[in-house]
Novice: 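Here it is, the structure in full.
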Amino acid sequence: MSTPDAQVPSSSALEPPAAVPTTHSQDSMTVYSNEGKDINTAFEHQAYGPEPGEKSEDDFEVRFEEGAKEHPHNWSRWQRWYITALTGILVLNATFASSAPAGYIPELREHFHMSEELGTLTIALFVAGYCVGPLIWAPLSEQYGRRAVFIATFIPYVAFQVGAALSPNTAALLIFRFIGGTFASAPLTNSGAVMADIWDPRTRGKALALFTLAPFAGPAIAPVIGGYMATSGVYWRWIFWVLTLFAGGCLLLIIFTLPETFVPILLVRKAERTRKETGEQRWWAPLERRDVPLKQRIEQVVARPFQVLIQEPMVIAITIYMSFLYGCVYLLFEAYPIVFSIGHHMSAGVTGLMFIPIFVGAVMGVAGYILVWNPRYEKLIPKYAPYPVPPEARLEQSLWASPIFAISFFWFGWTSYPSISFWAPMLAGLAIGFSTVWIFLSLFNYIIDAYLFVAASALASSTVVRSLAGAGFPLFATQMYESLNPRWASTLLGFIAVLLAPIPFVLMRYGSTLRKKSKYAPMHPREREIEEEKKRQQESAKAEVSAAV
């Protein structure tokens, strides 16, 4: 491969300098050592075996050759897009179930003689279950595979939806909601890991863009359905029977149509099949030789997500920002009734319609990502090939979206006067959905690209904290909007959004430096060469300018 002449570097933080010859594959899932500190290197060899071109430990080690049809990256595109759609539906199911009872809170309070706070807990406790589940389901999926965890969680999830529908008292309903949310949380982290299993970096962005619609479709559609069911006089238990049917349908789809996508588990199955077909018992897969003590296994299952969170400043910053956004989305379930039901005298069903622009904005955000940002990312692939593009390339759209999100809450707040047409605060939902999708897509992709082999654990820790915000924000939303009034309450959220908006800018500027010091997300060799080459070019350009002056 020829090396082009060196040029003055672009001002873009993502633009690499002159190409540096390399030998690795662009789509290779290689994790590189960081002066011996990278635990992912050990995990890769223990679970995935040798990388392409690397010699096996012995002649009986099972591996996927390049282009093997058994490897998920080589499955047919229609099958991978179906898996993408199915995992999106699983996430939709969880987010739909979290907010569907919102329209029935007055009926639940009357039936069970609940206080206002207990009524809010029917939503908050389900989301609080997201704090517990990912700690278990995400690391378990890295030990036993994605499909097994999905089946093991959805069976009790369906059962607890039945329990909620038959609840005899407040305590039973709240307990069933919390446990149901715990089991429903598996897709929130593991679906993203499935995306990493089946898609190469070039296409993963598009797949995640469509997949990201699911978390916004649930909160947008559920209040409409629940609100109109409540308005039409349908008994409150039926909303939970609807959730049971939805969850049961998802369980059937998982059992009959979702294959295992985790490569280490697929290698284990290949080894078992080869031993059976040949009668030679020496065939083995890397995951079968992972001799992990019980104490270490428990640590991996429970502690690893928090280890990633605590030890990684990037994950901490991303988690804080995404938690605030997530909390704001669930806070709207309390803010919208105050603005639209009380302020504009709308019924529960019509108030539910006010959430639709959030979903429409999310669709616009996905369309913008596919048409604008993903093509920009694809143009960077040949410039960095054959190594992957640095994760900072995923951050560009968040640089635009973070100010828009802050503006959207100023817009929602100061158009929430009853004397102003409801169209004005309602359309603020377009900006909320649009900007939130861009930020989530950007940071979600960043975590997966930077923490590929512990992506499920990194997403789990982020999901736990994010879910705490989703569960906690609604608990004080009503008091905040009533005490400060909708104008100043939304303005407060807007100011907090302004304070957090620089996070993507900081990651864009210093992300590569942080990854140099990370043992979970180290820089690959070519990126190091590129960074050094950029510095040399910058110093050369400055020297030329100084000489000219």
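A quick note: this is a predicted structure, and the numbers were derived from the prediction, not measured.
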Novice: What do you reckon, are the aromatic ring centroids of F150 and W137 less than 6.0 Å apart?
Specialist: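 No, they do not, as the ring centres are separated by 6.0 Å or more.
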
Novice: Would you check if there is a donor-acceptor pair between the side chains of W423 and S421 at a distance under 3.5 Å?
Specialist: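 Distance-only check fails for S421 and W423.
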
Novice: Hey, what's the ring geometry for F126 with Y130, parallel, tilted or perpendicular (30° and 60° as the breaks)?
Specialist: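 Aromatic pair F126/Y130 classed perpendicular.
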
Novice: If I compare all heavy atoms of W241 with all of A165, which pair ends up nearest, and what's the gap?
Specialist: CE2-CB, 3.6 Å

Novice: Establish, for the pair R394 and Y446, whether the NZ or CZ atom is under 6.0 angstrom from the six-membered ring centre and no further than 45 degrees off its axis.
Specialist: no

Novice: In the structure I gave you, are the side-chain heavy atoms of D197 and V263 within less than 4.5 Å of one another anywhere?
Specialist: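 No. Closest side-chain heavy atoms not under 4.5 Å.
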
Novice: With a 4.5 Å heavy-atom cut-off, do E334 and E116 have their side chains touching?
Specialist: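 No, their side chains stay 4.5 Å or more apart.
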
Novice: I'd like to know if the side chain of R237 and the backbone of S167 have a donor-acceptor N/O pair within less than 3.5 Å.
Specialist: yes

Novice: Give, for atom CG of L427 and atom CE of M354, the distance between the pair rounded to the nearest 0.5 Å.
Specialist: 9.5 Å

Novice: Describe, in one word, how the ring planes of H344 and F422 are oriented to each other, choosing from parallel (under 30°), tilted (30 to 60°) and perpendicular (over 60°).
Specialist: perpendicular

Novice: So, the side chain of T122 versus the backbone of G119: is there a donor-acceptor pair under 3.5 Å, distance only?
Specialist: yes

Novice: Counting only N and O atoms by type, is there a donor-acceptor contact under 3.5 Å from the side chain of S115 to the main-chain atoms of L118?
Specialist: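 Yes, because the side chain of S115 sits within donor-acceptor range (under 3.5 Å) of the backbone of L118.
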
Novice: Taking W75's backbone N and O only, do any of them form a donor-acceptor pair with R80's side chain (distance below 3.5 Å, no angle check)?
Specialist: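 Looks like yes, one N/O pair under 3.5 Å.
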
Novice: How about W199 and W81: are their ring centres within less than 6.0 Å of each other?
Specialist: yes

Novice: Checking side-chain polar atoms at under 3.5 Å, does S341 have a donor or acceptor matched by the opposite partner on T351?
Specialist: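 T351 and S341 do have a side-chain donor-acceptor pair below 3.5 Å.
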
Novice: Starting at CG of L441, measure out to CD1 of I370 and round the result to the nearest 0.5 Å.
Specialist: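 One gets 9.0 Å once the value is rounded to the nearest 0.5 Å.
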
Novice: Rounded to the nearest 0.5 Å, what separation is found between the CG atom of L253 and the CG atom of L90?
Specialist: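 Result: 8.0 Å between the selected atoms.
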
Novice: Is the backbone of Y377 close enough, under 3.5 Å, to the side chain of N374 for a donor and an acceptor to pair up by distance?
Specialist: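 Flag not set: sc N374 to bb Y377 has no pair under 3.5 Å.
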
Novice: Would you please classify the geometry between the W438 ring and the W373 ring as parallel, tilted or perpendicular, with 30° and 60° separating the classes?
Specialist: perpendicular

Novice: Backbone N or O of L188 within a donor-acceptor pair of the S191 side chain at under 3.5 Å?
Specialist: no

Novice: How close do G129 and S185 get, counting heavy atoms only, and between which atoms?
Specialist: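 Closest heavy-atom pair between G129 and S185: O-OG, 4.1 Å.
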
Novice: Using 30° and 60° as the class limits, which term best fits the ring planes of Y336 and F340: parallel, tilted or perpendicular?
Specialist: perpendicular

Novice: Restricting to salt bridge (charged side-chain N to carboxylate O under 4.0 Å, His left out), what partner residues turn up for E482, sequence neighbours left out?
Specialist: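 By the salt bridge (charged side-chain N to carboxylate O under 4.0 Å, His left out) rule, E482 matches no residue at all.
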
Novice: Search all heavy atoms of P337 against all heavy atoms of L332 and return the closest pair with its distance.
Specialist: CD-O, 4.0 Å

Novice: Is the ring centre of F409 less than 6.0 Å from the ring centre of F495?
Specialist: no

Novice: Would you call the rings of W414 and Y417 parallel, tilted or perpendicular, where under 30° means parallel and over 60° means perpendicular?
Specialist: tilted

Novice: Kindly indicate, with the supporting measurements, whether the criterion side-chain contact (heavy atoms from CB on, under 4.5 Å) is fulfilled by I175 and F160.
Specialist: CA-CA 9 Å; I175 290 172; F160 284 110; over 6 Å; no

Novice: Can you tell me if Y82 uses its side chain to pair, donor with acceptor, with the backbone of T257 under 3.5 Å?
Specialist: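 No.
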
Novice: Using a cut-off of 6.0 Å, state whether more than 12 heavy atoms not belonging to Q79 lie near its atom CD.
Specialist: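 Atom CD in Q79 is packed in, count exceeds 12.
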
Novice: With no hydrogens and no angle check, is any side-chain donor or acceptor of S483 less than 3.5 Å from a backbone partner on M480?
Specialist: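 Not confirmed, S483 side chain does not pair with M480 backbone.
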
Novice: For the pair F112 and W236, evaluate ring pair (Phe, Tyr, Trp, His ring centres under 6.0 Å) and give the outcome as yes or no after the intermediate values.
Specialist: CA-CA 11 Å; F112 290 114; W236 67 265; 5.2 Å; yes

Novice: How far does CE of M195 sit from OG1 of T261, to the nearest 0.5 angstrom?
Specialist: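 The CE atom of M195 sits 8.0 Å away from the OG1 atom of T261.
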
Novice: Could you grab the distance from atom CZ of R466 to atom CD1 of I318, nearest 0.5 Å is fine?
Specialist: 11.0 Å

Novice: Verify the ring-centre separation between Y321 and F324: is it less than 6.0 angstrom?
Specialist: no

Novice: Which pair of non-hydrogen atoms, one from F154 and one from P187, has the smallest distance, and what is that distance?
Specialist: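 Here F154 and P187 meet closest at CE1-CG, 3.7 Å.
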
Novice: How far apart are the closest heavy atoms of A94 and A184, and which atoms are they?
Specialist: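 Heavy atoms only, the tightest pair is CB-O, 3.5 Å.
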
Novice: Donor-acceptor pair, distance only, cut-off 3.5 Å: does the side chain of T182 make one with the backbone of F178?
Specialist: yes

Novice: Given side chains that start at C-beta, do those of V498 and F410 come closer than 4.5 Å, heavy atoms only?
Specialist: yes

Novice: Whether the S398 and S442 side chains hold a donor-acceptor pair (N or O, under 3.5 Å, no angle test) is what I'd like checked.
Specialist: yes

Novice: To the nearest 0.5 Å, what is the distance between CZ (R147) and OG (S141)?
Specialist: 14.5 Å

Novice: Students often mix this up, so state it plainly: with edges at 30° and 60°, are the rings of Y481 and F412 parallel, tilted or perpendicular?
Specialist: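 Answer is tilted, since the angle falls between 30° and 60°.
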
Novice: Tell me whether E260 contacts the main-chain N or O of F262 through its side chain, where contact means a donor paired with an acceptor under 3.5 Å.
Specialist: yes

Novice: N93 and Y157: side-chain donor and acceptor closer than 3.5 Å?
Specialist: yes

Novice: Is it true that the side chains of Y326 and S467 contain a donor and an acceptor less than 3.5 Å apart?
Specialist: no

